[in-house]
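Structure first, then comments.
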Number of protein chains: 2
Amino acid sequence: MAQKNDPYKFKKVISIGIVSELTGLSPRQIRYYEERKLIFPERSKGIRKYSFADVERLMEIADKREEGVTTREIRNEMTKEVREKMLKGQMNAHFHFRS
Amino acid sequence: MAQKNDPYKFKKVISIGIVSELTGLSPRQIRYYEERKLIFPERSKGIRKYSFADVERLMEIADKREEGVTTREIRNEMTKEVREKMLKGQMNAHFHFRS
DNA sequence: CGTGTAAGGAATTCTGACACG
DNA sequence: CGTGTAAGGAATTCTGACACG
């Protein structure tokens with residue numbers, strides 16, 4: 001596992017303009033990737049707030065897009081990863097019970 | 001030393017409204033503490049940007065203010081700490097040379 | 001000294017839409 | 001499909017000032 005007890009990485013506090021600066025993506029692109037369910041900012045009075053984790057995710061997305069991967073495919077890879085992680089979780093729970 | 005290789009703690013990316021929510025301080029108070037040189041946000045097109053370190057610092061300031069410590073005194077404690085750290089740095093460098 | 005507030009302006013963000021492809 | 005743009009409105013932030021104390 002990467003880093004989970006990172007106290008700042010997951011707090012949604014960054015507005016879209018700054019995210020745009022950090023990632024090099026346009027606000028339009030960032031909003032579109034949300035529409036395609038690749039990222040999930042929170043809202044503070046209607047205004048989108050992102051975490052550093054979101055910023056890193058967006059940079060990964062940007063890389064894949066440059067390689068020609070469609071948002072649809074990125075989305076699919078994502079759900080696949082989640083599925084695998086859930087399986088692992090199941091297995092861990094299983095072995096835990098058995099031991 | 002606390003945490004120095006924290007990749008997110010020191011990036012100035014949070015706007016004053018969010019800092020206000022995180023700390024419970026009013027924007028007015030936050031700007032005033034800057035005027036008194038207790039914090040040093042960066043600016044992105046005139047708009048203040050704070051780091052998580054700044055947020056923590058502001059919470060310390062808030063605690064001291066509640067105890068009745070003046071901004072002047074907080075400022076003095078600060079410069080004193082810096083002075084001590086510089087001394088330590090000197091000593092470390094010194095011993096380093098000698099060993 | 002430390003903080004609230006009203007004032008006017010500038011910069012940000014939001015959404016829905018049209019465009020191109 | 002993915003992204004740019006102009007449009008109109010709403011929310012944010014900024015500064016300097018007056019107030020109270």
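Since the structure is predicted, the reported quantities are computational estimates derived from the model, not experimental observations. All chains are named by letter (A, B, ...) in the order of the sequence lines, taking the proteins before the strands, and each is independently numbered beginning at 1.
- Per the geometry, NZ belonging to B:K12 stands 17 Å off P belonging to D:dT13, to the nearest Å.
- Rounding to whole angstrom units, CD of residue B:E35 and C1' of D:dG16 are separated by 11 Å.
- At least one donor-acceptor pair closer than 3.5 Å links the side chain of B:R65 to the backbone N or O of B:V69.
- Counting heavy atoms of neighbouring residues, nucleotides and ligands inside a 6.0 Å radius, atom NZ of B:K11 does not exceed 12 of them.
- Between B:K49 atom NZ and C:dT12 atom C1' there is a gap of 9 Å when expressed in whole angstrom units.
- Using a 4.5 Å heavy-atom cutoff, the side chains of B:R36 and B:R72 are in contact.
- With rounding to whole Å, A:R43 atom CZ is found 13 Å from D:dA10 atom C1'.
- Within a heavy-atom distance below 4.0 Å of DNA chain D, the residues of residues 58-74 of chain A found are A:R65, A:T70, A:T71.
- The phosphate of C:dG2 has OP1 or OP2 within less than 4.0 Å of a side-chain N or O from B:Y32.
- Looking at the side chain of A:K45, the nearest of the listed nucleotides C:dG4, C:dA11, D:dT12 is D:dT12.
- Between the CD atom of B:E34 and the P atom of D:dC14 there is a distance of 8 Å, rounded to whole Å.
- To the nearest 0.5 Å, atom CZ of residue A:R57 and atom CD of residue A:E60 are 6.0 Å apart.
- OP1 or OP2 of D:dT3 has at least one side-chain nitrogen or oxygen of A:Y33 nearer than 4.0 Å.
- Both B:S44 and B:R36 lie near DNA chain C, and the one whose nearest nucleotide falls closer to the 5' end is B:R36.
- You'll find that the side chain of A:I47 is closest to D:dT12, out of D:dT3, C:dG2, D:dT12.
- Atoms CZ (B:R28) and P (D:dA17) sit 12 Å apart, rounded to a whole Å.
- Residues A:F52 and B:L22 share a hydrophobic cluster, clusters being chains of Ile/Leu/Val/Met/Phe/Trp/Tyr side chains in contact below 4.5 Å.
- Stem analysis of DNA chain C (Watson-Crick or G-U pairs, both distances under 3.5 Å, runs of at least three) returns C:2-5 with D:17-20, C:17-20 with D:2-5.
- Taking 4.0 Å as the cut-off between side-chain N and carboxylate O, B:R48 and B:E42 do not count as a salt-bridged pair.
- Taking atom OH of B:Y50 as the reference point, atom C1' of D:dC14 lies 11 Å away to the nearest angstrom.
- B:I30 pairs in a side chain to side chain contact (heavy atoms under 4.5 Å, CB included) with only one of the listed residues (B:V55, B:D54, B:L58), which is B:L58.
- Neither A:F40 nor A:I74 shares a network with the other; the hydrophobic side chains, linked directly or stepwise wherever heavy atoms of I, L, V, M, F, W or Y lie under 4.5 Å apart, form separate groups for each.
- You won't find any donor-acceptor pair under 3.5 Å spanning the side chain of A:R31 and the base of C:dT15, going by distance alone.
- Residues A:L25 and A:M78 are members of separate hydrophobic clusters, defined by side-chain heavy-atom contacts under 4.5 angstrom among Ile, Leu, Val, Met, Phe, Trp and Tyr.
- Expressed to the nearest 0.5 Å, how far OH of A:Y50 lies from CD1 of A:I16 amounts to 3.5 Å.
- If you take CG of A:L25 and P of D:dG2, they are 14 Å apart, rounded to a whole angstrom.
- In this structure, B:S15 does not reach the C:dT12 phosphate: none of its side-chain N or O atoms is under 4.0 Å from OP1 or OP2.
- The shortest distance between the side-chain N/O atoms of A:R48 and the OP1/OP2 oxygens of C:dT13 is not below 4.0 Å.
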